[in-house]
Every structure is written in C-alpha cells, then in structure tokens.
Amino acid sequence: MIIVLEKSATKEQMDYIIERVKKLGLTPHLSSGVERTIIGVIGPEDVLRVTPLEAFPGVEKVLPVLAPYRLVSREFKPENSVIDLGKNVKIGGKKVIIMAGPCAVEGEKILKEIALCIKKQGALVLRAGAFKPRTSPYSFQGLGEEGLKYLKETGQEFGLVTVTEVMDPRHVELVARYADVLQIGARNMQNFNLLREVGATQKPILLKRGMSSTIKEWLMSAEYILSEGNFNVILCERGIRTFEDYTRNTLDVSAVPSVKQLSHLPVIVDPSHAAGRWNLVAALSKAALAAGSDGLIVEVHTHPEDAMSDGNQSLLPEKFLLMMQELKLLAKAVGREL
Ligand code: PEP
Ligand code: MN
C-alpha cells in the first residue's frame, strides 16, 4: 500500500499516520521527495483496507499494491486448477468442455430430445434451468423441483454432467441433491449469502459474471466461495452491459485472457446470453476458444420457436453441429482438444 501525502501535509499529520500504521502492526517506510512525501506500507493490506486512510488529514490518495483477492489469485496457486465435474469430466485442462442445452427445463420429453442431440455432437454437460431469473414476474419461472428431477434423470440416462442455476440460498441443498454443477446467475453474482451457501458445499460452482460487474468484483465473488472452503469454481463470462443495444450484451472477450492471467480458476464463455441471437453464437464461440476459454455454455433447442425462454438465441441442432465442426478445427489450431 502506498500512501501519498498532500504537498501541504504537516510533520504532525505525517507522524500521526505513521503511528496509526505501526499500531496496526505494519511497517511504514517514508520516502521524501522535493514535491511529495509517500509512505510505503509493508504487511498484510487487509487491515489497512478497512482503515479509511483517505479521510486522514494530509493524505492525498492511497494506492493499493496487492489485489484484494487472495485464494483465487495466480500468486496463491500458480498452476491452473482442474475441476472434476463428475462422470469423468474435468475442466481446466487441455480439453475444451462444451456445455449445451435449453435455457429452461420445459418438460421431460423435450429435455431428452435435446440431450440426445447435444450428446451426439460431443457436448459433455447438459445445461437447463429449473429456477429461472426472469425480468418479469409474469414470465415462465421454471418448473422448480419437478424440473430438477427431469434434469437428473436425463443426465443419468445420457451420461451427461448436469448444470443448473440456484437462485435462493434456501434452495442450495435441494439443487445440490439433483445437479452435478450449481450455477450462480449473472443477477446473483453479488448475492453474498448465496455465495457463502454454495461455498459451504463441495459442488463445482459455475459463477457467471454480473452484467455490470468488473473483473475485480467478479473475482471477489469467487473469493467468497473459495473462502468458505469450496475451491471448485468455474468462472463464466456471459457479456456485459454497454451502450450497444444491437446485441443483448457485449461479450467481453478480453475478460478471458485477463482472468486467466489473474487467476488459476477455469474460465468459460456463454455466447448465447452475450449475443441474444442465435446467428452470432458460432462466431462468438470461436472468438472465445481462440482467446483461451476452457469451455462454452451454449443454448440449444430442437424447437426454438416454441421455447419458453430464450428461443431467439438458441441454436438448432444442425447449427450446433456445424459450430462444433468448426470448433474442432480451431481447437487443434490453438493447441486444445475438443
Ligand atoms: C442462464 O444461463 O440461463 C442465465 C439466466 O444466464 P445469466 O445469468 O448469464 O443471464
Ligand atoms: Mn437463457
């Protein structure tokens, strides 16, 4: 932490700051120049972060040196984390993991129909929401526990790992009973009670980036889960809000290599919620893979025109097949497997 003093700071003000820093058990190092004096502080920054240093008379600004997250950082763990999703599927290694399926579980028959298609094309994980975060309370909210039952059954029948969203801390135990991977949706990225609750399980957690969250905030949310003892976190970039309204969101491709540099956790991309339209999904998926994404989560539907949510952005099986063929070629070119 570097404390920059105002040009007009007095000796008394400086001494007071040094005394306060020492009282916190940290070591201050004074450096006086012609224009400015700075105080470098060595030691755990956390204790200083909770001290409102900029409110001290004589302080101009405070510059943190270390990132506020610890357990998720590359410094804490230099090698990539490889997370076991169950059913012999691991994410974070050389193999790119494709997760696909409808936005929501709409019924048993249709889910199985879609599961069969995605399995045939090489997806290893079935996605489908039973609890849906909808903007309108009048929209389809998901089938709840009935949907979870269909999801589990379908996953078992086709040998697919299942991922589904949990929206409420009170439902964590319920959803964990049925699904292999728990998804924290964009709208709940900073629901800290929910993060703590899933952190208390050992389930793999798919943590989506909030639509208006910075990379630092996203990593801090992951830190919540790790700090509870669950290190099985997969980060998911799903597009952020920008001024552009042609697409539903703007895929932040740069978040992928950024997060790979900052953290040891696997990162995947959701091109469907980023684009909001099916005919952009393949291009965004290729961009994601080229940028170093460890996987993709894609909405696929056999009858998108009848989908109860997100039909516009869902790929028909034949489009998904074409995309998978292109991705296989690309994976080879970037030293990955698919
Ligand atoms: C979803 O994956 O179904 C979903 C609602 O995504 P997000 O939370 O990214 O909007
Ligand atoms: Mn959706």
Side-chain angles (χ1 to χ4, degrees), residues 97-106 110-111 114 118 123 125-137 139-144 147-148 150-151 161-168 171 175 179-191 194-195 198 204-213 215 217-218 221-222 233-242 247-253 255-256 259 267-278 280-281 284-285 288 293 295-316 320:
I97 303 301
I98 307 297
M99 311 182 182
C103 181
V105 182
E106 298 168 344
I110 186 79
L111 187 64
I114 298 168
I118 64 139
V125 182
L126 175 65
R127 63 140 293 146
F131 294 99
K132 294 305 301 175
R134 306 307 300 277
T135 304
S136 166
S139 301
F140 174 60
Q141 304 286 308
L143 295 181
L148 293 175
Y150 299 151
L151 184 66
V161 171
T162 55
V163 56
T164 197
E165 180 161 352
V166 55
M167 289 168 57
D168 188 322
H171 291 161
V175 179
D180 298 312
V181 181
L182 307 182
Q183 176 174 323
I184 302 294
R187 290 153 194 82
N188 270 317
M189 190 205 82
Q190 284 192 317
N191 182 338
L194 181 60
L195 298 176
V198 297
I205 309 299
L206 182 65
L207 177 64
K208 291 194 133 191
R209 179 183 183 180
M211 57 191 79
S212 302
S213 298
I215 287 172
E217 288 164 342
W218 185 20
S221 290
V233 175
I234 304 133
L235 298 162
C236 177
E237 159 63 37
R238 46 78 73 204
I240 51 173
R241 281 264 165 101
T242 67
T247 48
R248 183 173 177 180
N249 290 284
T250 299
L251 181 66
D252 182 7
V253 180
V256 175
V259 161
V267 187
I268 69 163
V269 165
D270 174 347
S272 309
H273 289 88
R277 35 172 91 209
W278 70 267
L280 298 179
V281 168
L284 296 190
S285 297
S293 184
L296 296 167
I297 182 163
V298 186
E299 285 182 344
V300 175
H301 204 294
T302 44
H303 300 280
E305 71 283 5
D306 296 325
M308 292 168 102
S309 56
D310 288 348
N312 292 337
Q313 65 195 35
S314 300
L315 289 179
L316 278 163
F320 182 59

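Order of appearance sets the numbers: ligands from 1, and atoms from 1 within every ligand.
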Answer yes when Arg248 and Asp310 have at least one side-chain N-carboxylate O distance shorter than 4.0 Å, and no when they do not. yes
Salt-bridge test for Arg127 and Glu299: reply yes if a basic N is under 4.0 Å from a carboxylate O, no otherwise. yes
Exam field: side chain Asn188 to backbone Asn191, donor-acceptor pair closer than 3.5 Å: no
Does a donor on one side chain sit under 3.5 Å from an acceptor on the other, for Arg134 and Gln141? no
Among side-chain atoms of His301 and Asp306, is any donor-acceptor pair under 3.5 angstrom? no
Check for me: within less than 2.8 Å of the Mn ion (ligand 2), which protein N/O/S atoms show up? Cys103 SG, His273 NE2, Glu299 OE2, Asp310 OD2
Taking only residues two or more places apart in sequence or in another chain, which ones pass salt bridge (charged side-chain N to carboxylate O under 4.0 Å, His left out) with Glu165? none
Does Arg277, at its CZ atom, have more than 12 non-hydrogen atoms belonging to other residues, nucleotides or ligands within less than 6.0 Å? yes
CG/Asp252: more than 12 non-hydrogen atoms of other groups inside 6.0 Å: yes
Name the residues with a heavy atom less than 4.0 Å from ligand 1? Arg127, Lys132, Pro133, Glu165, Gln183, Gly185, Ala186, Arg187, Lys208, Arg238, His273
Go through the structure and list residues passing side-chain contact (heavy atoms from CB on, under 4.5 Å) with Ala186, not counting sequence neighbours. Met211, Arg238
